Structures are given as C-alpha cells and as structure tokens.
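To keep things clear, I will list the structure first and then write my remarks on it.
Only a predicted model underlies this, so the values are computations on that prediction, with no experimental measurement involved. Order of the sequence lines fixes the chain letters, A, B, ..., with proteins taken first and strands second; residue numbering starts at 1 for each chain.
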Amino acid sequence: MDNQKVTVKEPLFHVAKRDNLKTKYKVLIYACAIILALVIGSITCTVIGDRGNPIVFFSSLFNGALGSERKIFKFLKDTSLLLCVSMALLPAFKMKFWNLGANGQILVGGLAAIACMWYMGRGTNGAISDTVIIICSVIASMVAGAIWAVIPAIFKALFNTNESLFTLMMNYIAQSLVLLMIAIWVQGTGKTTLPEINYGHLPILFGKREILTILMGAVITSAMFAYLKFSKQGYELSLVGDSQNTARYTGINVKKVIIRTLIVSGAICGIVGLLLTAGAVTPTIGTNTANNMGFTAIMTTWLGGSNPLFIAGTCALVSFVNNGMSEVKTNFGIQSDVYANVVIGIVYFLIIACAFLVQYKVTLRKKKKQAKENGFLNGEDKKEVK
Amino acid sequence: MEGKVALELRNITKTFGKIVANKNVNLKVYEKEVLSILGENGSGKTTLMNVISGIYAPEEGEIRINGEVVYISSPQDAFKYKIGMIHQHFKLVEVFTALQNIALILEKGQKYDLKEIRTSVKNICEKYGFEIDLDKKVYNMSVSEKQTLEIIKVLYRGADILILDEPTAVLTPQETKKLFAVINNMREDGKSIIIITHKLNEVMEISDRVAILRKGEYITTVSTKETNEKELTEMMVGKKVDLRIERVKTEIDKPLLEIRELSIKGDDGSKKIEDVSFYIRGGEILGVAGIAGCGQKELCEAIAGLRKIESGFIMHEGESLVGLAPKVIIEKGVSMSFIPEDRLGMGLAPNFSITDNMMLKTYAENKVYMIDEEELATYPKWKAFSIRAWVAIKTFFSRPFVDRKSARKKANKLIEKLEISTPSTETPVRRLSGGNIQKVLVGREIESSPNVIVTAYPVRGLDVNSSYLIYDMLNEEKRKGTGILFIGEDLDVMLALCDKIMVLCHGKNMGIVHASKTTKEEIGLMMTGSLNLSETKNKEYGKAKDSNLTEEEWQKQKEEAEKEGE
C-alpha cells in the first residue's frame with residue numbers, strides 16, 4: 001500500500017449500554033445523587049442567602065417538610081396529589097401517548113366542580129342538598145377532564161396528529177376558559193376573584209381534611225396498578241404502546257384503545273381538579289390551581305418507570321423538597337422564589353443525570369502501559385511488525 | 001498462505017451489557033485474498049465487521065493495519081485506513097443518479113467535478129468489469145445494481161480492504177455469479193476482500209480461506225482447498241448435523257385457500273401484487289420465491305386482513321376472506337406470521353414477556369373454570385349448588401382480567417418443546433436471541449392449530465439447528481393436513497422443502513413449478529422476469545380444477561364484486 005501516514009487517536013472515553021443493573025446499586029446511585037444535590041443546594045443557599053449555613057439548610061429542609069403534624073399531613077397530601085396525576089399519565093405513557101396536558105385536564109376538572117357548586121349551591125341558595133352537589137361535581141369533573149384529554153386522542157386516533165403539541169395547547173385553552181368563567185361569575189361585583197362558596201364541600205374524613213386526598217391517592221394508585229398489570233384493557237394499551245403493527249394484527253382496534261385510555265387518563269386528572277377545588281379549605285379556582293403538577297408528574301412518571309412504588313418515591317421526594325424549601329427560604333432570608341426553584345432544579349437535574357448512569361457505563365481510555373502489560377507487544381510481535 | 005498481512009485483529013472482545021458478541025477474536029487478512037467469515041446468525045460476524053469499520057469500539061484487543069496498531073473510532077477513520085464496508089442495507093440517496101451518489105463521498109476541499117469523477121469511475125468499472133449506468137436514478141435500480149453502486153462507491157474512495165456483509169442474500173443465482181466475477185477481479189488487483197455469509201456453497205466457490213466464528217468465539221481459519229462443506233458446518237455448529245431437508249409425502253386435500261386475480265396496492269399507491277392466482281391444498285407446502293420487495297409482504301397482509309385489496313378474491317374453504325377483520329380471519333384458522341428484517345415487527349411485542357406474547361391472540365377470551373360434573377353429582381344438592389355459584393362468581397369477576405396463569409403454562413410447554421433458551425417465561429422477548437424469538441412466534445402460531453399457515457421468512461436469521469427445527473415443525477403441520485404458504489429467501493431450502501414453488505416478479509405471478517421438477521437456474525430466471533411460464537400456458541393458470549366453488553359460484557362472486565365496485 002502507499003506510505004501516506006494516518007493517525008487516529010483513541011477517544012477519551014467510551015459509552016456502553018449496560019444490562020440490568022442490580023436494584024441495590026440503582027437505589028444507591030439515586031441516593032447518592034439526591035444527597036449530592038442537597039449538598040450543592042445547601043451551599044448555593046448559603047452563598048445567596050442573607051444568613052444561615054449548610055447545617056441549618058438541612059434542619060430547616062426537614063422542618064419545613066415534616067416538622068409538625070400539620071406539615072406531615074400537607075406533605076402526604078401533596079405527595080398523593082402528585083401521585084394521582086402521575087397515575088393519570090402512566091397509562092397514556094405506557095401507550096406511548098405523550099400526554100403533556102394534565103395541567104389543563106386538572107383545571108377543567110376543577111372548573112367543572114366549582115361550576116356545580118356555584119350554580120347548584122350558590123345559585124339556589126342551598127335548595128339542593130350538599131350530597132347531590134358532591135355527586136354532581138364528582139361526575140362533572142371526571143367528565144370534563146376526560147373530554148379535555150379525549151379531544152387530542154380523537155385527533156391522534158383518526159388523523160394521527162401530534163399529541164404532544166395538541167395536549168400542550170389544550171393547557172392554554174383551559175387557562176383561558178377558567179379566566180372567562182371567573183369573569184362571568186364575578187361580573188358586576190367589582191372583584192377579580194371568586195367569593196366564598198359554602199355549598200358542596202367535600203366531606204372531612206376522620207377529622208382531617210387531607211385524609212380524603214391521601215386515601216384517593218392510595219386507591220387510585222393501587223387501582224391503576226391492577227388495571228395495567230392484570231386487566232385485558234391494560235394488556236391492550238401496553239400492546240399498542242409496544243408495537244402498533246402487532247396490535248393491529250391481533251385484531252385490536254387501536255383507535256378505540258387510544259381514545260379509551262385517554263378517557264381514563266383525563267378522568268383521573270379531573271378528580272385531582274375536584275380535590276384541589278372542592279376539597280380545599282376555601283374552594284376557589286384560578287389559573288394556578290393545578291400548581292404545574294401536570295408537568296412535574298411527567299418527570300415523576302418517567303423517572304419511576306412503570307413501577308408505582310418508584311413513582312411514589314419520586315413524588316414524595318419532589319413534595320419533600322418543595323415543602324422544605326419554603327422553610328429554608330424564610331430561614332435564609334431569601335426573598336425571591338427563583339432561588340428556591342434553583343435548588344429544586346438541581347435536585348431534578350441530578351436525578352435525571354442519574355438515569356443515564358443507570359443505563360450506561362462509561363469507560364475511560366486505556367493507557368498505553370496497559371497494552372504492554374497485556375503482552376501484546378512482546379519481542380516476537382515487534383519483529384513481525386517491522 | 002504467504003503474502004503481506006493487510007489487516008490483523010488481536011484478541012478483540014466486544015460486549016453489549018452482559019452479552020458477549022465477540023470474545024478474543026484473532027484474525028489475519030492477507031493482501032490479494034478473499035476471506036469468508038462463516039458463522040451462524042448471532043455468532044458475532046456483523047459485530048466484528050462493525051468493529052473493523054469503526055461503528056463499534058471494542059472493549060479489548062487491538063486492530064493492526066499493515067502491522068501498525070490503529071484506533072478506529074468512526075467509519076471516517078476506517079476510510080482513512082482504506083477500509084470500506086458494504087452493508088446489507090444500502091445507504092444511497094434514492095433521488096440521485098449513480099454518479100451523484102458517488103460524488104457524495106467527496107471530502108472537504110475536493111472539487112465537485114462530475115466530469116472528472118465520471119472518468120475515474122469509468123476506469124474503475126472497466127478495470128473490474130462492473131456494468132452500471134451512471135446516469136440512472138437509484139430508485140429505478142434493481143437490488144443488484146444498487147449493490148454494484150455501493151461497491152464502486154467504496155472503490156472510488158480508495159478502499160483496499162472491502163467488507164461485504166451477506167452480499168448474496170438479495171441476489172438471484174445469475175447476479176451472484178456476476179458479483180463473484182467482480183470479486184475475483186478485485187482480488188487479482190491486490191485488494192483484500194472479507195465476505196460475511198452463512199451459505200456454504202458460496203464460501204467454497206469464492207474464498208481462499210474461511211474464518212469460523214461460533215457464538216462470538218473465534219474457532220479457526222481453514223484454507224478452502226483443504227476442507228469441505230460438511231466439515232465447515234460441523235465447525236460452525238459445533239456438532240454433527242444432517243443437512244438434508246425432508247419433503248414429507250402426504251395425501252393432498254381439496255384446495256383450502258384459493259386466490260384468484262388478486263391485485264393489491266402498496267403504501268405508495270403502486271401495484272404490489274397484480275392479477276395473481278394460486279391455491280394451497282391441505283397437506284401441501286407452496287413456496288413463494290422472489291427478490292425482496294416483490295409484493296410478498298403485501299400478499300401476507302392481504303390474506304391476514306391487514307391490507308385492503310384492489311380487486312380479486314381470497315377464498316378460504318369456499319368463503320370469502322375479503323373485507324373481514326383480522327380477528328375473524330384468525331378465528332377461521334388462517335394464521336399469518338411475517339418475520340421482518342428486524343425480526344420483531346408483526347406478531348410479537350418486543351417488550352412483552354414470553355408469557356404475554358403467548359396470549360397475544362387469546363387474551364380476550366374469558367377464563368373457563370372446569371366443573372367436574374361426576375364428582376359434583378356425588379355431593380349433596382346444596383353443596384353442588386354452592387360450588388356452581390362460586391364458579392359462576394369467579395367467572396364473572398375474572399372477565400375484565402387476562403388469564404396469565406394458563407398463558408404461563410403454555411409458555412413453559414413451548415420453551416420445553418422447542419428448547420427455547422431463556423432465563424424465564426417472564427423475560428421480554430427483545431432480550432432473546434433471534435432464533436429464540438422466532439421459535440416463540442412460529443411455535444405460538446402452530447399452537448393455535450390453524451388450517452392455513454402463511455409464513456414469511458420463518459428461518460430468517462436462524463442458526464442451522466433452529467432452522468431445521470422450524471422445517472420439522474412445518475412438515476409436522478403438513479402431515480396434519482394444514483395448507484402452508486411458505487415465503488422464503490433461500491432457494492436451496494425451498495427446492496427441498498416445498499411441494500410447489502410460485503415465483504413472483506414485481507408482483508406478477510411468473511409461474512408455479514413443481515419443486516422436484518425444476519432447477520435453481522429456472523427459478524432464478526423467473527425471479528428476474530426473463531422467463532414467464534404463466535404467459536405460455538392457458539388463462540386458467542393458478543386456478544384449481546377441483547375448486548370449492550363451481551364456475552357459476554365464482555361468476556356470482558365476480559358479479560357481486562362488480563356491483564360493490566359501482
């Protein structure tokens with residue numbers, strides 16, 4: 001051959017996919033990431049805060065999240081709400097339908113519940129009993145959430161439109177709808193927020209308002225687990241997600257499955273909307289009612305895989321950091337919400353980065369020395385090279 | 001074997017997670033020689049070549065070119081070392097001409113001068129004896145022309161070491177001969193050529209030496225002159241195998257599936273199947289030969305009810321299948337299994353466990369609880385009644401749920417019967433090797449005891465042992481009186497296994513021949529369309545004389561179809 005010299009250096013590292021990492025190591029990697037994230041968060045807060053130090057950071061984080069009975073219940077409530085939304089997204093994600101519209105679905109669900117309370121309770125001055133109003137608002141919120149989810153599903157099933165964009169846009173329509181309804185309801189009162197509605201509040205179980213929400217979280221999670229794992233419908237939707245061709249060949253009506261699954265997904269979001277409005281101390285609604293849970297849940301669902309326990313874990317972690325940071329903010333004298341969000345962002349970032357390490361392993365470049373040690377370059381070989 | 005070593009591999013190991021694709025492979029390729037890499041599918045041939053061409057980085061070992069240790073971390077690097085790979089799937093721009101496709105590989109700083117490229121390409125063609133029209137657009141080319149273009153592309157770029165990945169898989173016997181002539185010319189010119197293949201006769205014909213891989217491990221390299229096909233197979237499989245395929249003699253029945261004047265359009269609206277008539281009798285295997293993409297897939301999909309037909313009839317035991325839902329067709333006993341190139345496409349869900357894949361077609365059935373009537377009669381009335389009631393309640397409440405228990409039993413049975421190697425019934429089929437995946441698919445199809453089996457490429461990518469297992473399974477079904485439509489790639493196998501062979505060329509039926517009375521060459525000519533037996537014979541070609549329907553009934557069907565058309 002010719003004497004043209006070419007040299008190519010070996011790259012610094014290789015990335016290779018790894019097979020089934022042991023759960024033990026997985027948990028360990030995630031635990032390290034969380035601790036690392038919190039340490040970085042504590043340093044960040046110390047630097048940007050007016051007072052405080054990293055140790056105070058941890059104590060106020062725990063205090064803020066789990067410091068009192070009230071706080072523990074709030075933590076549990078937030079966790080189960082987020083868990084409910086994750087469970088709503090789970091069947092859709094399993095079907096590879098990227099429902100990014102949970103926020104909107106929650107909002108319209110809540111709006112439907114408020115509408116029931118407004119017209120049936122306030123409108124009739126309590127002529128209709130609370131029980132009837134509650135039943136109506138439960139049904140209305142589920143239907144409303146389902147409708148909001150099923151519109152993109154129908155378009156996806158019939159015209160193969162992109163569901164991510166469609167569901168995302170539905171969020172903004174839901175927000176505008178809420179603003180419109182508030183405007184109609186407060187017309188002529190000169191106010192911009194809804195007045196108190198004292199009809200059709202959700203019942204308080206065992207003396208704690210949060211318990212209903214927590215129970216709902218547990219019920220929906222276990223029901224969804226059974227639905228996906230054991231039911232024929234769950235089997236169908238996983239099949240559609242895994243291979244549409246195979247599903248079609250098996251005789252599954254793919255369109256029907258897409259629409260049906262999104263009805264379930266939307267209805268659960270509707271229930272969350274109901275819990276957030278009719279289940280609150282003072283039922284009201286605004287564009288922030290969903291508290292961006294629809295988006296947070298995308299992350300928790302994705303990180304938790306299809307394992308409800310993992311999803312519950314991530315939901316708890318997110319609620320823990322969220323609730324704890326509000327206390328950290330006061331203790332460190334941080335005024336802006338932005339900084340609190342930075343810490344939460346760091347935690348999210350490191351957990352997601354972890355997902356990469358769990359799936360791939362990185363090997364650094366082997367050194368020349370090593371090659372010699374391995375005996376590739378012994379005398380005989382050198383002669384042959386020459 | 002004397003001569004200069006062009007390429008040398010030492011202790012190459014490549015792993016994907018737990019799977020070891022290549023383990024301590026040592027290989028030498030000399031200048032001026034053709035080296036075959038022989039191995040069953042899954043033995044790591046393609047992985048090894050991808051390591052050489054820079055697509056994968058090996059975990060261990062080193063590559064030496066002309067005696068120097070090199071690191072190849074991308075196909076660009078490989079080209080710098082004058083290594084060129086011709087993949088199984090061509091990487092060409094469809095709307096460009098041959099010449100434009102060659103010009104695509106120009107590097108930075110090189111001038112886009114089509115005239116100059118044309119002259120140098122023409123030189124290459126003359127030197128090695130390629131026949132190609134440089135101004136033909138790629139989408140108008142046949143598979144063989146596309147392959148020629150790929151080789152020219154690599155040569156134009158100056159490759160000295162050429163790697164061809166299963167080059168003959170898509171060629172007719174005639175085209176294969178041409179390719180081998182070209183390869184010989186290149187060898188004479190001093191190039192090193194590596195051919196990956198699992199066809200033994202080709203190995204014997206073309207190569208100087210054969211390197212054998214088995215399950216990722218390098219076995220040995222032998223000189224072709226000093227070996228024979230039998231010895232190679234034994235080295236490849238690791239034990240003695242019987243290479244004969246049995247053609248079972250059966251009593252043939254009435255036609256089970258009759259297809260007349262069928263036309264089907266493809267996804268792009270072009271006619272993929274045109275006016276094809278044939279029939280399958282019970283206890284008969286009808287092979288379908290043809291170059292890839294000649295309408296085989298469309299034919300399968302039409303029979304299974306997944307694709308609308310343009311015109312014509314699909315009759316199953318005298319009843320029309322046209323327009324029926326896939327589920328209904330399955331219930332009628334027509335089973336279709338199509339193994340696409342990625343081997344997973346239709347019929348299996350890759351992320352599902354074996355158990356879940358087993359119940360793919362039956363998941364919707366309700367669980368049946370058995371009641372032992374005789375035992376029940378011995379019980380007092382109230383007890384018998386309560387047992388009945390309990391069963392009724394169980395049946396009712398189990399309705400929305402899938403019956404995974406009995407599916408698991410079936411999966412276990414199948415694993416045992418077909419020797420599927422898997423950690424458990426709950427392993428996703430994606431994690432199984434190609435052969436085991438296919439065993440699951442074909443095994444399930446046969447398990448559902450169909451009376452017509454349509455199977456496309458059932459042994460695609462299977463090792464020798466598993467292939468024979470599948471042939472045995474098909475023969476077993478044939479004995480039971482099942483009609484089998486076997487769409488295959490390997491003509492040798494089809495000639496041995498099938499009773500009759502139908503040849504498709506661009507969606508047209510070129511003729512149906514008895515496998516025992518035809519030759520590979522005749523089928524090859526029919527595949528390229530140079531020979532058309534159906535034209536020379538009468539109009540009733542491919543129509544059964546003892547049809548399930550009388551002529552009047554066929555006429556009636558036709559009239560009905562016409563009415564619907566209006």
Counting heavy-atom pairs under 4.5 Å to chain B, which of Ile252(A), Leu239(A), Asn253(A) comes out on top? Leu239(A)
Looking only at heavy atoms and a cut-off of under 4.5 Å, which of Glu236(A), Gln233(A), Lys232(A) has the most pairs with chain B? Lys232(A)
Under a 3.5 Å distance rule, please check whether Thr425(B) uses its side chain to pair with a backbone N or O of Thr355(B) as donor and acceptor. no
With a 4.5 angstrom heavy-atom cut-off, could you sort out which part of Asp356(B) is near chain A: side chain, backbone, both or neither? both
Applying side chain to side chain contact (heavy atoms under 4.5 Å, CB included) to Ile135(A) and not counting sequence neighbours gives Thr131(A), Ile139(A)
Do Asn50(B) and Thr47(B) have side-chain N/O donor and acceptor atoms under 3.5 Å apart? no
Measure the acute angle between the ring planes of Phe225(A) and Phe230(A), then classify it against the limits of 30° and 60° as parallel, tilted or perpendicular. perpendicular
